[in-house]
Amino acid sequence: MAFSLASLSKSLSFLLPPQPITPKPSNFAPPVPQWDPKSTSTSTSTSLSVSLTAADEIKGVTCPSLAYSNTLFFKSACYNVQVVVGENEPEEKLLGRFRRAVFRAGVIQECKRRRFFETTQEKKKRKAREASRRNRKRRPYTKVSAQAKEEGPKKKNDDEDDNWGLPEGDLPY
Amino acid sequence: MAKPIPKVGSRRSGRSSARKSARRIPKGVIHVQASFNNTIVTVTDVRGRVISWSSTGTCGFKGTRRGTPFAAQTAAGNAIRAVVDQGMQRAEVMIKGPGLGRDATLRAIRRSGILLSFVRDVTPMPHNGCRPPKKRRV
């Protein structure tokens with residue numbers, strides 16, 4: 001048992017950059033942000049699944065109570081966005097990071113949407129608008145080329161069908 | 001009809017409520033509730049027990065001016081000034097709600113000299129729960 005623990009701890013130390021094993025401060029700089037040291041955004045339902053990495057799984061085997069210590073700390077598990085503040089970080093940089101993380105999580109948009117009730121019609125309209133915005137951003141070229149292709153053959157057909165010549169036969173008078 | 005025996009504990013509890021708790025808290029949590037019309041800043045300890053609070057209303061703003069970022073800044077400054085005297089060095093920030101006070105309070109907290117460990121957004125999101133009020137026809 002001791003041997004396996006030692007080997008596990010060795011593999012742990014190989015995976016993680018040097019970290020003090022004191023309980024309180026290190027768990028506030030948990031293993032998860034090492035993979036993404038600047039910011040993590042999670043939702044309540046997926047916080048547990050997202051945050052478990054290989055190191056956490058090993059921890060879960062050796063000391064199960066500490067497995068989720070980085071996500072569950074009293075009530076702080078229910079956050080949408082978290083930004084870890086570095087030392088001596090300039091104010092504007094921190095604000096910019098926070099704003100960008102919040103925008104990516106869509107918190108303020110969601111809040112505004114849920115302020116008042118929206119009917120099914122409004123919901124449909126909103127979804128259509130969002131979808132068109134998404135498609136427009138992702139495929140600006142294919143749509144235009146498709147339109148050009150359609151217009152080409154149509155014109156040719158029209159030209160052939162048009163009757164440009166004079167009607168046959170003599171004039172009635 | 002027996003006389004109630006005076007408990008030792010009651011004497012102790014009476015004394016503690018009279019004494020002002022001047023505990024030193026090196027680490028705390030700053031909760032910021034930023035709604036569209038107001039901003040409330042509450043400073044608690046790590047467990048959540050409130051140490052001091054301040055809002056734009058208590059800072060003297062009234063009406064529409066409470067929702068402005070400048071008012072949020074003053075509210076945050078007030079709340080932190082009361083706590084820095086108690087010796088708080090590190091803090092986490094939990095921001096709740098949409099509103100203009102979000103960034104302004106963060107700026108004020110940063111400028112006050114308290115070390116920040118995390119900045120979190122804890123806006124409550126229903127998983128399609130209660131029906132919100134009807135649309136305003138203004």
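These numbers come from a predicted model, not from an experiment. The analysis underlying the following values was restricted to heavy atoms, covering all of them including side chains, and did not include hydrogens, waters or symmetry mates. Residue numbers start from 1 in every chain, and the chains themselves are labelled A, B, ... in the order their sequence lines are given, proteins ahead of strands.
Under the 4.5 Å side-chain heavy-atom criterion for grouping Ile, Leu, Val, Met, Phe, Trp and Tyr, B/Leu100 is not connected to A/Val81 through any hydrophobic cluster.
Formation of a donor-acceptor pair under 3.5 Å by the B/Arg102 side chain with backbone atoms of B/Gly97 is found in this model.
Within the 4.5 angstrom heavy-atom criterion, only side-chain atoms of B/Leu106, from C-beta onward, approach chain A. Contacts of B/Arg131 with chain A are made by side-chain atoms alone, with heavy-atom separations under 4.5 Å and no backbone atom involved. No part of B/Leu115 comes within reach of chain A, as not one of its non-hydrogen atoms sits under 4.5 angstrom from that chain. The contact between B/Lys134 and chain A is made entirely by backbone atoms, counting heavy-atom distances below 4.5 Å. For chain B, the nearby parts of A/Arg115 are the backbone and the side chain; heavy atoms of each come within less than 4.5 Å. For A/Val102, the part sitting under 4.5 Å from any heavy atom of chain B is the side chain, from C-beta outward, and nothing else. Heavy atoms of A/Glu92 lying under 4.5 Å from chain B belong exclusively to its side chain.
Nearest heavy-atom pair across B/Asn78 and B/Cys59 is ND2-SG, 3.1 Å.
Each of B/Ile51, B/Thr44, B/Ile25 was evaluated against B/Val83; a single residue qualifies, B/Ile51, per the side chain to side chain contact (heavy atoms under 4.5 Å, CB included) test.
Heavy atoms of other residues, nucleotides or ligands lying less than 6.0 angstrom from CZ of A/Phe103 number 12 at most.
A/Glu122 and A/Arg126 are not joined by a salt bridge, as no carboxylate oxygen comes within less than 4.0 angstrom of a charged side-chain nitrogen.
Between chain A and the residues B/Thr123, B/Val119, B/Val122, the largest count of heavy-atom pairs under 4.5 Å involves B/Val119.
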